[in-house]
Number of protein chains: 2
Amino acid sequence: MEESALSKALPGLPAARLDMVEACGRFAQSLGIARSVGEIYGLLYLAPRPMTLDEIAQCLGLSKASVSTGARQLVSLGAARRVFVRAARKDGYEAVVELGELARRAYENLFKSRLQNADAHMNEMLAKIEAEKESYSPEEHALIVERLTRLRAIQSRIKMLLPLAERIFS
Amino acid sequence: MEESALSKALPGLPAARLDMVEACGRFAQSLGIARSVGEIYGLLYLAPRPMTLDEIAQCLGLSKASVSTGARQLVSLGAARRVFVRAARKDGYEAVVELGELARRAYENLFKSRLQNADAHMNEMLAKIEAEKESYSPEEHALIVERLTRLRAIQSRIKMLLPLAERIFS
DNA sequence: CGGAACGTTCAGTTCAAACTGAACGAACTG
DNA sequence: CAGTTCGTTCAGTTTGAACTGAACGTTCCG
C-alpha cells in the first residue's frame with residue numbers, strides 16, 4: 001500500500017483524518033484557495049476539540065506563521081471559529097460545521113455578482129460596437145453583433161436558472 | 001479615459017474586440033485556465049475569419065510558442081477548431097460558438113465525476129473509521145461518525161439537484 | 001533536390017503566490 | 001517587574017506555472 005507524502009510526515013494522525021485533510025486540501029485548491037487552508041479545515045472538521053496554532057502546525061507540517069494566516073482566512077470566510085481554550089489558556093480553532101451560510105455567500109459573491117457584471121459589460125460592448133461602426137465592414141459588423149447577441153442569449157438563459165439555484169439554500 | 005495595458009500594446013484592435021479579449025481572459029483565469037488561453041478565445045470569438053498563429057500572436061502580444069500551446073488547449077477543450085486556410089496555405093483557428101457541448105462536458109468532468117469521487121471516498125473513510133475504531137475514544141468515534149454523516153447528507157442533497165442541473169442542457 | 005515557411009517542442013527565464021524564520025507587541029505568571 | 005508564552009507581521013526564500021527564444025522536423029514550393 002502506497003503512502004502519501006503527508007502520511008509519512010505525520011504518523012500521529014489516524015488514516016481517516018488524514019484522508020479528510022487531503023480531500024479538503026484538494027477541494028480548496030480546486031476552488032482557488034490555498035491548499036494549506038483547506039487542509040487546516042479538514043483537520044479541524046474531525047477534531048474532537050478546538051486545536052491551537054501549534055497543534056495544527058505540527059499535525060500538518062506547516063510553520064506557525066502559515067497556520068496563523070490560514071486560520072485567519074478560514075475565520076474571515078466563516079468556515080472556522082476562534083475560541084478561547086480555558087484549560088490551556090490560549091486560542092483554539094474549531095471548524096464551522098454548518099456550511100449553508102458559507103455556501104450562500106460564495107454563491108452570491110462568485111456567481112450572482114459575476115453574472116450581473118457580465119450583463120453590464122455586454123451592454124457596454126454593444127454600445128461600443130455601434131460607436132465604432134465605421135471601423136468594421138458591414139459583414140463584419142453584422143457578424144460581431146450576431147455573436148454578441150448569441151452570448152446575451154446564453155446569459156439570460158443562465159439568469160432564468162438563478163431563482164432555481166437559490167432554492168438550493170432553503 | 002484610462003487605457004488598459006493590452007490596448008496600449010495592440011492599437012490595431014477595435015475597442016469592442018479588445019474588451020472581449022480581456023473579459024474572456026479574466027473569465028478563463030477565474031476557471032483556473034491560463035489567462036492567455038481565454039484571451040485567444042476572446043479574440044477568435046469576434047474574428048470575421050480564422051486567424052493564424054502569427055496573427056493571434058501579434059494581436060495579443062504573445063510569442064508564437066505560447067499561442068501554439070494555447071490554441072492546442074482550446075482545441076482539446078472543444079472551444080476552438082483548426083481549419084486549413086486555402087488562400088494562405090496555412091492552418092487557422094476559429095472559435096467554436098456553440099458552447100453547449102463544452103458546458104455539458106465541463107459539467108460532467110468538473111462536477112459530476114467529482115461528486116461521484118466524493119461519494120466513493122466518503123464510504124472509504126467510513127470504512128477506515130470502523131477499521132481503526134480502537135484508536136479513538138468512544139466519544140471521539142461518535143463525533144467523527146456524526147460529522148461524516150453530516151457531510152454525506154450534504155452530498156446526497158446536492159445529488160438530488162443533479163437531474164435538475166442536467167435539465168439546463170436541453 | 002535545396003530552401004522557405006510553418007507548427008511544435010524544449011530548456012531557460014520570469015513572476016507571483018505560498019511558505020518560512022525571525023522579530024515584535026501583548027498578555028499572563030511567578 | 002523580569003520572564004514566558006502566544007499570536008501576528010514582515011522580509012526573504014521557495015516553488016510552480018506561464019511565457020519566451022531557439023532549435024527541430026515537416027511540408028510545400030520553385
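Numbers restart at 1 for each chain; the letters A, B, ... are given by sequence-line order, proteins then strands.
Look at B:R105 and B:E108 and you find no salt bridge, because none of the NZ, NE, NH1 or NH2 atoms lies under 4.0 Å from a carboxylate O. Ion pair B:R35/B:E22 not flagged as a salt bridge, since none of the NZ, NE, NH1 or NH2 atoms sits closer than 4.0 Å to an Asp/Glu carboxylate oxygen. B:R49 and A:E139 are not joined by a salt bridge, as no carboxylate oxygen comes within less than 4.0 angstrom of a charged side-chain nitrogen.
At the heavy-atom level, B:S36 lies under 4.0 Å from the strands shown only through sugar-phosphate atoms. Note on A:R35: nothing from the nucleic acid sits closer than 4.0 angstrom, heavy atoms only.
Side chains of A:P14 and B:Y136 form a contact here, defined as non-hydrogen atoms less than 4.5 Å apart. Side-chain contact check for B:Y93 versus B:I40: every heavy-atom pair is 4.5 Å or farther apart.
Using a 30° and 60° split on the angle between ring planes, B:Y107 and B:F111 fall in the parallel class, below 30°.
Computed from coordinates, the A:D91 CG to D:dT8 C1' distance equals 12 Å when rounded to whole Å. At whole-Å resolution of the value, NZ in B:K64 and P in D:dA23 are 14 Å apart. Put simply, CD1 on A:I56 is 11 Å from P on D:dT8, counting in whole angstrom units.
Listed by chain and residue number, nothing satisfies the side chain to side chain contact (heavy atoms under 4.5 Å, CB included) test with A:A131 (two or more places apart in sequence, or in another chain).
Along DNA chain C, the stretch of nucleotides lying under 4.0 Å from any heavy atom of chain A spans, 5' to 3', C:dA18 to C:dT29.
A donor-acceptor pair shorter than 3.5 Å can be found between the side chains of B:R152 and B:N123.
Between the side chain of A:K90 and the base of D:dG7 there is no donor-acceptor pair of N/O atoms closer than 3.5 Å.
Listed in residue order, the members of residues 66-77 of chain B having a heavy atom less than 4.0 Å from DNA chain D are B:S66.
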